Enquirer: 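Before I ask anything, let me first share the structure, which is written out below as structure tokens.
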Number of protein chains: 2
Amino acid sequence: MQLSRTEQNYLKAIYMISASSVESPEASTNAIAARMETRPASVSDMLRRLSDKGLLNHNRYRGVSLTDHGMQQALVIVRRHRLWEHFLVHSLGFRWDEIHEIAEELEHVSHPELIARLDAFLGNPTEDPHGELIPGAQLQMPYRHTMPMNALAPGEQARVVCVDEGSDALLKYLDEIELRPGIQFYVVSVAHFDQSMRIRREDGTEWRITREVTNSVQVEQIDGLA
Amino acid sequence: MQLSRTEQNYLKAIYMISASSVESPEASTNAIAARMETRPASVSDMLRRLSDKGLLNHNRYRGVSLTDHGMQQALVIVRRHRLWEHFLVHSLGFRWDEIHEIAEELEHVSHPELIARLDAFLGNPTEDPHGELIPGAQLQMPYRHTMPMNALAPGEQARVVCVDEGSDALLKYLDEIELRPGIQFYVVSVAHFDQSMRIRREDGTEWRITREVTNSVQVEQIDGLA
DNA sequence: CATTATTTTTATCCCCGCAAAAATATGTTT
DNA sequence: AAACATATTTTTGCGGGGATAAAAATAATG
């Protein structure tokens, strides 16, 4: 069964919402509408259709979650999106804040052999330019333990794992302050009044990071020391 | 004014039909319907809309031709299509008979910077894998004098310029007999009853080519000699 | 002029979007 | 617990894009 472009977009949005909240895999109509910049009425209608197709579990008035089949479909799209993002940055030289919109188009080009060859051409990458995992050819998605940067306490050390690709402006800023996946840092202090965070990096530079930024960066804590 | 995917497909089909017949740039409703595998009723409806948008000159019951604006739009799509075909063959290693359908999807991804960078990444190619010219960034399309292979007479020499990408099976066959752009040959004879052509190549090999094939290959004559 | 081929119109359908209204869930107050 | 207020979701009705078959209109041809 071939999915329309719009249906694919819905599945991806639902996947993203489910993946971003650890506790519950349920996505609400309003959350989907907000992410897709459409009206809840349209969402509600589409949820019914996707349920009828066996892609969603739908608790009326509660929310939806992906069925196994829906999850497979969503991961196919995520895989394509992230492979193309890798291509755009590493082959074509785009900055990571320029690629989201383009990849949103490319991800809908559906030819298994194309994606297989693109994957090989890129050297079978495991992460996209934002540090997000790229599902493998069998759509396997390894678990990775991360926490939002804003959950760190003073004195703790951490490494940036991935950053939210939602806002191009934020990505541009992160690039400027060189807060990229792999960067390690030490939390000097956290301001009480606005939760802004002062961090020190290995090269000794210090930055003050606002809450808006720490909300959008996922890190893994480094138990060890320097 | 942003064109829908379907509108883009119509413009490209009309461009292709116009470009393939030297004498008249008019495309008929039936010809468009046949090429796009849709019904004449749908075509007729769309022709009216594209005319309203100033992309076509429409002589009711006679046919359509592209306006300057329509031609620009069509060339943008052709440029994208052929650049992607180049990428699929030279970067991803596809055979030339596998790429048409994929490029039909990729051609609709519309981001000027993407195409500019892809063009540079590929080394600003001037021809696609079938030998067709790729319109430049300013959509310039140089004139090239070619003739169908079936117009050659015995004793004449010619070079293959480009081949019709319409049939994947034909392309596969052309690849097997190594009748690719750039190949030079000599016409040994032409059979009266079916116009099949016997050719000899520089390496001495001889082949009998059916009319169906010579119809789909464009050549340039070599006045000179061997 | 009559026949045939082609094109256009008309009516209808599906996909997917929206606003407005109805239905349901949630939270607060008594 | 019952009643109310608020937030969320769903239903309903509708509109645009694009496809179709059937019918009507027009062009081409003998």
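Throughout, a chain's letter reflects where its sequence line sits, starting with A, and its residues are numbered from 1. Nothing here was measured: the structure is a model prediction, and the numbers come from that model.
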Enquirer: Indicate whether OP1 or OP2 belonging to dT8(D) is found under 4.0 Å from a side-chain N or O atom of Ser28(A).
Expert: no
Enquirer: For residues Arg5(A) and Arg5(B), determine if any side-chain heavy atom of one lies less than 4.5 Å from a side-chain heavy atom of the other.
Expert: yes
Enquirer: Can a donor-acceptor pair be found between the side chains of Asn30(B) and Ser28(B) at a distance below 3.5 Å?
Expert: no
Enquirer: Give me the ring orientation class for Tyr143(B) and His145(B): parallel if the planes are under 30° apart, tilted from 30 to 60°, perpendicular past 60°.
Expert: tilted
Enquirer: Between Gln221(A) and Glu156(A), is any side-chain donor less than 3.5 angstrom from a side-chain acceptor?
Expert: yes
Enquirer: Given Leu139(B), which of Gln73(B), Met71(B), Arg79(B) fulfils the side-chain contact (heavy atoms from CB on, under 4.5 Å) condition?
Expert: Arg79(B)
Enquirer: Would you say the side chains of Gln8(A) and His108(A) form a donor-acceptor pair under 3.5 Å?
Expert: yes
Enquirer: Examine dT8(C): is either OP1 or OP2 under 4.0 Å from a nitrogen or oxygen in the side chain of Thr29(B)? Give yes or no.
Expert: yes
Enquirer: For the residue pair Trp96(A) and His130(A), does the interplanar ring angle fall in the parallel (under 30°), tilted (30 to 60°) or perpendicular (over 60°) class?
Expert: parallel
Enquirer: Would you jot down, in residue-number order, the residues of residues 3-16 of chain A having a non-hydrogen atom under 4.0 Å from DNA chain D?
Expert: none
Enquirer: Does a side-chain N or O of Asn30(B) approach OP1 or OP2 of dT7(C) to a distance below 4.0 Å, or not?
Expert: yes
Enquirer: Is Val213(B) close to Leu174(B) at the side-chain level, that is, under 4.5 Å between some pair of heavy atoms?
Expert: yes
Enquirer: Contacts to DNA chain C from residues 32-53 of chain B, heavy-atom cutoff under 4.0 Å, which residues?
Expert: Pro40(B), Ala41(B), Ser44(B)
Enquirer: Hey, can you tell me if Phe121(B) and Phe87(B) have their rings parallel, tilted or perpendicular (30° and 60° cut-offs)?
Expert: tilted
Enquirer: When you compare the side chains of His81(B) and Glu165(B), does any donor N or O come within less than 3.5 Å of an acceptor on the partner?
Expert: yes
Enquirer: Which residues within residues 55-66 of chain A lie with some heavy atom under 4.0 Å of an atom in DNA chain D?
Expert: His58(A), Arg60(A), Tyr61(A)
